[in-house]
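Fair warning: this is a prediction, and the values are worked out from it, not measured in the lab.
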Amino acid sequence: EFMARFQQDGAVKLFHNSSQKFATTSSGIDVTGGITAGGNIIQNSNSYGIFTRQLYARDTNGLSIKTSAGSDALFINSSGKLGVGTTAPQELLDVNGTTQTESLIVEKSFPTIFLNDTATTDKNYRIANGSSGTFSITETNDAGAYVADRFAINSSGNVGIGTSSPSAALSISKQTA
């Protein structure tokens, strides 16, 4: 039974119960099974040997991913709250930038944020930037289906309350159920 195999070309293989668990390759290492690290994991990925990513396990305090400068980029505390730019997240997602240009960006062809109230039936809202350039807030039901227009600003700058198609500088429409 092999415990370790060292080959002349530089390859190293380690075994547990006759099963290969670790091997060096021309591009790095291959590990079969889980990895338990007693310290931090640092990835060197450029030709200068400067670390670009670090993964720090903070005992029971959480887990952080650090930037190349060593500052926390992402932090997950022991309660499962995610901090971006903070190591003390107060909510499930806490984004904290130091300048006005650091913010949360939702970017795609129809960017949408859903606000779903789990304590109230069918009182959910969708904030969206539509394909026609209209920013809108609409009410949806628990299945995500449209219920009513609540607020909109179209590409001309017209504002609508109760309508998604404002035809004047300010259009107000009372919708009936």
## Note on the structure
Sorted by chain and number, sequence neighbours left out, side chain to side chain contact (heavy atoms under 4.5 Å, CB included) with F114 holds for T112, N116, R126
### Message
Under the rule for side chain to side chain contact (heavy atoms under 4.5 Å, CB included), what residues qualify as partners of S167, not counting sequence neighbours?
### Response
S171
### Message
Could you check whether any side-chain heavy atom of F15 comes within less than 4.5 Å of a side-chain heavy atom of R5, counting everything from C-beta outward?
### Response
yes
## Note on the structure
Applied to residues 78-95, the salt bridge (charged side-chain N to carboxylate O under 4.0 Å, His left out) test, sequence neighbours excluded, yields none
### Inter-residue atom distance I137.CD1 - I161.CD1, 0.5 Å rounding
10.5 Å
### Task
Examine distances only and state if a side-chain atom of T138 and a backbone atom of A148 form a donor-acceptor pair shorter than 3.5 Å.
no
### Reported CG-to-OG distance for the pair L74 and S64, which is rounded to 0.5 angstrom
9.0 Å
### Query
For A119, what residues pass the side chain to side chain contact (heavy atoms under 4.5 Å, CB included) criterion, not counting sequence neighbours?
D117
### Query
Looking at CG of N17 and CE of M3, how far apart are the two atoms once the value is rounded to the nearest 0.5 Å?
10.0 Å
### Distance, nearest 0.5 Å, that separates CG of L63 from OG of S78
11.5 Å
#### Entry: P89 side chain near F75 side chain, heavy-atom distance below 4.5 Å
yes
## Note on the structure
Only one of T163, V159, I127 passes side-chain contact (heavy atoms from CB on, under 4.5 Å) with F151, and that residue is V159
### Query
Residues two or more places apart in sequence or in another chain: which of them pass side chain to side chain contact (heavy atoms under 4.5 Å, CB included) with N158?
N154, S156, P166
### Query
Does the side chain of V147 come within less than 4.5 Å of D122's, by heavy atoms?
no
### Task
Evaluate the side chain to side chain contact (heavy atoms under 4.5 Å, CB included) criterion for residues T134 and I153: first the C-alpha distance (whole Å), next the side-chain angles of each, then the deciding distance (0.1 Å), finally the verdict.
CA-CA 6 Å; T134 298; I153 302 173; over 6 Å; no
### Query
How close do Q90 and A88 get, heavy atom to heavy atom, and via which atoms?
NE2-O, 3.0 Å
### Task
Would you name the heavy atoms of A4 and L14 that are closest together and state the gap between them?
CB-CD2, 3.7 Å
### Y125 vs R150 side-chain heavy atoms within contact, under 4.5 Å
yes
### Task
State yes or no: do L82 and L92 share one hydrophobic cluster built from I, L, V, M, F, W and Y residues joined by side-chain heavy-atom distances below 4.5 Å, directly or via other members?
no
### Query
With a 3.5 Å cut-off and no angle check, do the side chains of D142 and N124 form a donor-acceptor pair?
yes
### Note, I29 side chain near V31 side chain (heavy atom, < 4.5 Å)
yes
### Query
With K123, which residues qualify under salt bridge (Lys or Arg N to Asp or Glu O under 4.0 Å), at least two apart?
E139
